[in-house]
Trainee: 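The structure that follows is given in the form of structure tokens.
Model, not experiment: these values are computed from the prediction.
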Amino acid sequence: MQNKKLTDAVYYVGADDKTLDLFEGQYVIPDGISYNSYVIMDEKIAVMDTVDKRATDEWFKNLEEVLGGKEPDYLVVLHMEPDHAANIEQFLNKYRNAKVVTNPKTFNMIPQFFEHLDLEGRKIVVNEGDELVLGEHVLTFVMAPMVHWPEVMVAYEKKEKILFSADAFGKFGALDVDDEWDCEARRYYINIVGKYGAQVQTLLKKAATLDIQKIFALHGPMLTENLGYYINKYDIWSSYRPEDEGIFIAYASVYGNTRKVAEKLKEILEAKGAPKVAIADLARDDMAEAVEDAFRYDRLVLASVTYDGGLFPCMESFIAHLKSKNYQNRKVAFIENGSWAPMAAKKMKAEMENLKNLTFLDTVVSIKSAMKDADVKQLESLADELLNK
């Protein structure tokens, strides 16, 4: 994306990246990612964050076009993660009079990434509620620790009523991709920020005191309309409430027998009028999407073959992901399979019983090798319990 005038004084100078295969080294991004950076042009010029090293040349080109030969006064660093902060040293070497504006935690972190960067005389330290006057535009800084690193802060610009929200309200996908915000914003939030719901709730409470009319995140589109919709989504996600009524079936199968059981349960549930039934093969489908769906819906069914006296590795990994993101406030059911000693249900429940506010359904379906008529009756009973019939 070329630099773009967002308001009379605020410009976009970020870049799309459609060549990266894994975001944060683990999340598939078929539609790429954007590294967002902004410039506020006023009596004093503030650059809001840099970009990933993969987009260095494009970023400097965009920046120079907006600056038009002028020198920036400030580099505001909201977040030190390398996809946003990789060009701090290069920027400061290029613009020798620019100062860095950030909080003490960030200043402590900068030398970890840039060993030989000398910031003597170039620091402006800000804390909660401090302001940076640019002229007509004034930035107020709000600390947002663990959303999703400890040094994170956001900035509110009073004249334009913009919240520069760091990673909050970000999403996967390049800016030139026309897709629904919810899906990739949800996958981004749950898998990256999801562990820190309490901290996101704190930030939302602070944001509620501000007259926000635009949200400019470090990934994804600039949000300028219907902000209540996006804020409500974040409130749901960060309070670990189910977003939709529905049942998510996650299965792990070796020879396809457990898959057939999971698919049969889906068929039974739909025949009984379930509002929504989603299903995933944990060995083949995107793990991040599976985690997303587990948080999206209010009921979860885990179906696993017994493997070496325990769980199939992809099921073990899936449950570990749920635990690491503080999965809670859901109903959970178990289906196990085993040819001589089915143990998967016991193992899955043991892994999850220390999570908050989970209700384990009474019906546990236990399969011996392959699904039989009697097993279908068990699935009927489980479906009734899932649907509260």
Trainee: Which residue in the set Val147, Leu204, Val193 passes side-chain contact (heavy atoms from CB on, under 4.5 Å) when paired with Gln199?
Mentor: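 Result for side-chain contact (heavy atoms from CB on, under 4.5 Å) with Gln199: Val147.
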Trainee: Classify the ring geometry of Tyr234 against Trp181: parallel below 30°, tilted from 30° to 60°, perpendicular beyond 60°.
Mentor: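 Tilted: the ring planes of Tyr234 and Trp181 meet at 30° to 60°.
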Trainee: Under a single-linkage definition using a 4.5 Å side-chain heavy-atom cutoff for Ile, Leu, Val, Met, Phe, Trp and Tyr, are Phe318 and Val28 assigned to the same hydrophobic cluster?
Mentor: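 Each belongs to a different hydrophobic cluster.
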Trainee: Which heavy atom in Ser304 sits nearest to a heavy atom in Met348, and how many Å separate them?
Mentor: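 Taking Ser304 first and Met348 second, the nearest heavy atoms are CB-SD, 3.9 Å.
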Trainee: Say you draw a straight line from CG of Asp49 to CG of Leu75; how long is it, rounded to the nearest 0.5 Å?
Mentor: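 Reported to 0.5 Å precision, the distance equals 7.0 Å.
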Trainee: Determine, step by step, whether Gln201 and Asp235 satisfy the side-chain hydrogen bond (donor to acceptor under 3.5 Å, both in side chains) criterion, reporting the C-alpha distance in whole Å, the side-chain angles of both residues, the deciding distance to 0.1 Å, and the verdict.
Mentor: CA-CA 7 Å; Gln201 282 285 307; Asp235 183 46; 2.9 Å; yes
Trainee: Is it the case that Arg330 and Thr359 place a side-chain donor and acceptor less than 3.5 Å from each other?
Mentor: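 No, no side-chain donor-acceptor pair sits under 3.5 Å.
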Trainee: Go through Tyr38 and Tyr11 one step at a time and tell me if the ring-ring contact (aromatic ring centres under 6.0 Å, His included) criterion holds.
Mentor: CA-CA 6 Å; Tyr38 309 91; Tyr11 293 78; over 10 Å; no
Trainee: Pair Thr56, Asn87 - check side-chain hydrogen bond (donor to acceptor under 3.5 Å, both in side chains), show working.
Mentor: CA-CA 7 Å; Thr56 295; Asn87 291 285; 2.7 Å; yes
Trainee: If you round to the nearest 0.5 Å, how far is CG of Asp384 from CG of Leu361?
Mentor: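 Nearest 0.5 Å value for the CG-CG distance: 11.0 Å.
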Trainee: Phe172 vs Tyr27 aromatic rings, parallel, tilted or perpendicular, using cut-offs 30° and 60°?
Mentor: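 Plane angle between 30° and 60°, so tilted.
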Trainee: State plainly whether the residues Lys233 and Asp182 are in salt-bridge range, i.e. N to O under 4.0 Å.
Mentor: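 A salt bridge links Lys233 with Asp182.
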Trainee: Nearest 0.5 Å please: distance from the CG atom of Leu265 over to the CD atom of Glu270.
Mentor: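 Answer for the CG-CD pair, Leu265 versus Glu270, is 9.5 Å.
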Trainee: Look at the side-chain heavy atoms of Ile, Leu, Val, Met, Phe, Trp and Tyr, link any pair under 4.5 Å apart, and say whether Ile335 and Val305 land in one connected group.
Mentor: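 No, because Ile335 and Val305 fall into different hydrophobic clusters, even though each may have its own neighbours under 4.5 Å.
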Trainee: Under 4.0 Å between a Lys/Arg side-chain N and an Asp/Glu carboxylate O for Lys214 and Glu157?
Mentor: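 Looking at Lys214 and Glu157, the cut-off is not met.
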Trainee: What class does the angle between the rings of Trp149 and Phe113 fall in, given that below 30° is parallel, 30 to 60° is tilted and above 60° is perpendicular?
Mentor: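 The rings of Trp149 and Phe113 lie parallel, inter-plane angle below 30°.
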Trainee: Do you see a donor-acceptor pair shorter than 3.5 Å between the side chains of Trp59 and Thr50?
Mentor: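 Side-chain D/A pair, Trp59 to Thr50: absent.
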Trainee: Is there a path of hydrophobic side-chain contacts, each under 4.5 Å between heavy atoms, that joins Leu218 and Met146?
Mentor: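 Leu218 and Met146: separate clusters.
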Trainee: How close do Ile29 and Phe23 get, heavy atom to heavy atom, and via which atoms?
Mentor: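 Minimum heavy-atom contact is CG2-CB, 3.9 Å.
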Trainee: Please check if atom CD in Glu245 has more than 12 non-hydrogen atoms from other residues, nucleotides or ligands closer than 6.0 Å.
Mentor: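 Atom CD in Glu245 is not crowded, with 12 or fewer foreign heavy atoms closer than 6.0 Å.
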Trainee: Can you give me the closest heavy-atom contact between Val76 and Ala46, atom names plus distance?
Mentor: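 Minimum heavy-atom contact is CG2-CB, 4.4 Å.
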Trainee: Under the side-chain hydrogen bond (donor to acceptor under 3.5 Å, both in side chains) criterion, do Glu89 and His116 qualify, and how do the steps go?
Mentor: CA-CA 9 Å; Glu89 184 170 26; His116 302 295; over 6 Å; no
Trainee: Take Asp83 and His219 through the test side-chain hydrogen bond (donor to acceptor under 3.5 Å, both in side chains) and record every step on the way to the result.
Mentor: CA-CA 10 Å; Asp83 55 335; His219 294 295; 2.9 Å; yes
Trainee: Salt-bridged, Glu184 to Arg187, with N to O below 4.0 Å?
Mentor: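 Judged by the 4.0 Å cut-off on N to carboxylate O distance, Glu184 and Arg187 do form a salt bridge.
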Trainee: Any link between Val365 and Ile319 through a network of hydrophobic side chains (Ile, Leu, Val, Met, Phe, Trp, Tyr) touching at under 4.5 Å?
Mentor: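 Per the 4.5 Å side-chain linkage, Val365 and Ile319 are not co-clustered.
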Trainee: Answer yes or no for Lys331 and Phe360: cation-pi contact, defined as NZ/CZ to six-membered ring centre under 6.0 Å and angle to ring axis within 45°.
Mentor: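 Checked: cation-pi criterion not met.
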Trainee: Around atom CD of Gln26, are there more than 12 heavy atoms of other residues, nucleotides or ligands at under 6.0 Å?
Mentor: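 More than 12 within 6.0 Å, yes.
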Trainee: Can you check whether Tyr230 and Phe169 have ring centres sitting under 6.0 Å from each other?
Mentor: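 Between Tyr230 and Phe169, the centre distance exceeds or equals 6.0 Å.
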Trainee: Any side-chain heavy atom of Val10 sitting closer than 4.5 Å to one from Ile162?
Mentor: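 Yes, their side chains come closer than 4.5 Å.
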Trainee: So which atom in Ile279 and which in Phe248 form the shortest heavy-atom distance, rounded to 0.1 Å?
Mentor: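 Shortest heavy-atom separation between Ile279 and Phe248 comes out as C-CE1, 4.0 Å.
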Trainee: Quick one about Ser369 and Ser339 (side-chain donor to acceptor, distance below 3.5 Å, no hydrogens or angles considered), yes or no?
Mentor: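 Result is yes, a qualifying pair exists.
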Trainee: Following the transitive rule for hydrophobic clusters with a side-chain heavy-atom cut-off under 4.5 Å over Ile, Leu, Val, Met, Phe, Trp and Tyr, establish whether Ile268 and Ile247 coincide in one cluster.
Mentor: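 Yes, because Ile268 and Ile247 connect within a single hydrophobic cluster, where side-chain heavy atoms sit under 4.5 Å apart.
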